Protein chains: 2
Amino acid sequence: MIRLVPGVGRVRIGELATATGTTARALRHYEQAGLISSERAANGYRVYDETAVVRVRNIRYLLAAGLTLEDVQVFLPCLDGDVAAAPPSGKGLRVALDRLAVLNERIAAQTEARDRLAAALRERTGGRVRPVA
Amino acid sequence: MIRLVPGVGRVRIGELATATGTTARALRHYEQAGLISSERAANGYRVYDETAVVRVRNIRYLLAAGLTLEDVQVFLPCLDGDVAAAPPSGKGLRVALDRLAVLNERIAAQTEARDRLAAALRERTGGRVRPVA
DNA sequence: TTCAACCCTGCCGCCAACGACAAGGTCAAG
DNA sequence: CTTGACCTTGTCGTTGGCGGCAGGGTTGAA
């Protein structure tokens, strides 16, 4: 994560939540799953820097696309602007590529099923049904 | 379901399970979810006719493609060879078309996410990194 | 007869991604 | 100095698709 200055966007969990369209509960959950990290203020409150917003948005985007937290954990290092991080990290990279392959299979399976269902529905209606985008 | 003769493929749950690559437990679950039905022998055992095999395979196929039991329930009537069933049933049909649209959206979201991840990975192995969202 | 291999109906457990509390600490404003 | 809006940890609940086990009946074969 490499932060040279102590942090500019000192933001608490509630603010981060509204900024990312989620809830404090979910953010704690992500932290506990190892997807995000936080520092603590003197009073014990979580404090986030401004990079957290992008990170959480990435997480939400991937979750919304049907990925699991585990999947996201695999891909996140590739999404952070974390340029100085480990070099292409052959290992994590391969894991990510594997997951990507799994994603592709899943998409293919769903697409096939959808096509068959669409065909069945067309047959059911005597073929006079608008095509499915 | 229309069965003119009492049934040829009098088969019990275990056999149906192995024939469809699933388990008795799952079949009871499908029944309780209203996806399949069974008669009962004098001893209380479930008895299925041969159409059950195809039906269950359809179910498994759709589940494997990521559909829920509820989704499957919507589509099943269109998949049975149940030609003499209700006429195109404008209502159930529309529900099915709606679900199909949802499927399409889901596939689109996943495809988009996959493309972005793939792009990020490519950059990771070749060039600079850029966040997804 | 007795055994193994089936079947039955509950009902609890699990995984995921949180939601919804409880019971308490903190802090700025009035 | 009290309110009220924040925050903390902890634990239980929920939805979906079953797995697994308890406790019991049934049946064909040895």
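Per chain, numbering begins at 1; letters A, B, ... match sequence-line order. Because the structure is predicted, anything quoted here is derived from the model rather than measured.
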message: Over all strands shown, is B:R28 touching base, sugar-phosphate only, or nothing at heavy-atom distances under 4.0 angstrom?
response: base
task: Please state whether the phosphate of D:dG19, meaning OP1 or OP2, lies under 4.0 angstrom from any side-chain nitrogen or oxygen of B:T23.
output: yes
Atom-pair distance (CZ on B:R46; P on C:dC6), nearest Å: 17 Å
Interatomic distance, B:R60 CZ vs D:dG17 P [rounded to whole Å]: 11 Å
- prompt: Of all the nucleotides listed (D:dT8, D:dG19, C:dA17), which has the minimum atom distance to the side chain of B:A26?
  reply: D:dG19
- prompt: Should A:V53 and A:Y45 be counted in the same cluster of Ile, Leu, Val, Met, Phe, Trp and Tyr side chains packed under 4.5 Å apart?
  reply: no
- prompt: Looking at B:Y45, does any N or O in its side chain come under 4.0 Å of the phosphate oxygens OP1/OP2 on D:dG25?
  reply: no
task: Go through the side-chain N and O atoms of A:R60 and A:T22 and say whether any donor and acceptor fall under 3.5 Å apart.
output: yes
field: Distance in angstrom units between B:H29 NE2 and C:dG13 C1', rounded
entry: 14 Å
OP1 or OP2 of C:dG10 under 4.0 Å from side-chain N/O of B:R25: no
field: Integer-rounded Å distance: C:dC7 P and B:L16 CG
entry: 10 Å
query: Would you say A:N43 reaches C:dC27's phosphate, i.e. side-chain N/O to OP1/OP2 under 4.0 Å?
result: yes
- prompt: Does atom CD of B:E112 have more than 12 heavy-atom neighbours from other groups under 6.0 Å away?
  reply: yes
task: Give the rounded distance in Å between these two atoms: CD of A:Q32 and P of C:dC15.
output: 14 Å
task: Calculate the interatomic distance between A:E31 atom CD and D:dT8 atom C1'; express it in whole Å.
output: 12 Å
task: Report the distance from atom CD of A:E15 to atom P of D:dC7, rounded to the nearest whole Å.
output: 9 Å
message: With a 4.0 Å limit, can you tell me whether A:R12 has a side-chain N or O closer than that to the phosphate oxygens OP1/OP2 of C:dT26?
response: no
message: Can you measure A:E70 atom CD to C:dC18 atom P for me and round it to whole angstrom units?
response: 15 Å
- request: Check whether any side-chain heavy atom of A:V72 lies under 4.5 Å from a side-chain heavy atom of A:Y30, and answer yes or no.
  value: no
field: Flag side-chain contact, heavy atom, 4.5 Å: B:V56 against B:I36
entry: yes
task: Among C:dC8, D:dG17, C:dC18, find the nucleotide with the atom closest to the side chain of B:T68.
output: D:dG17
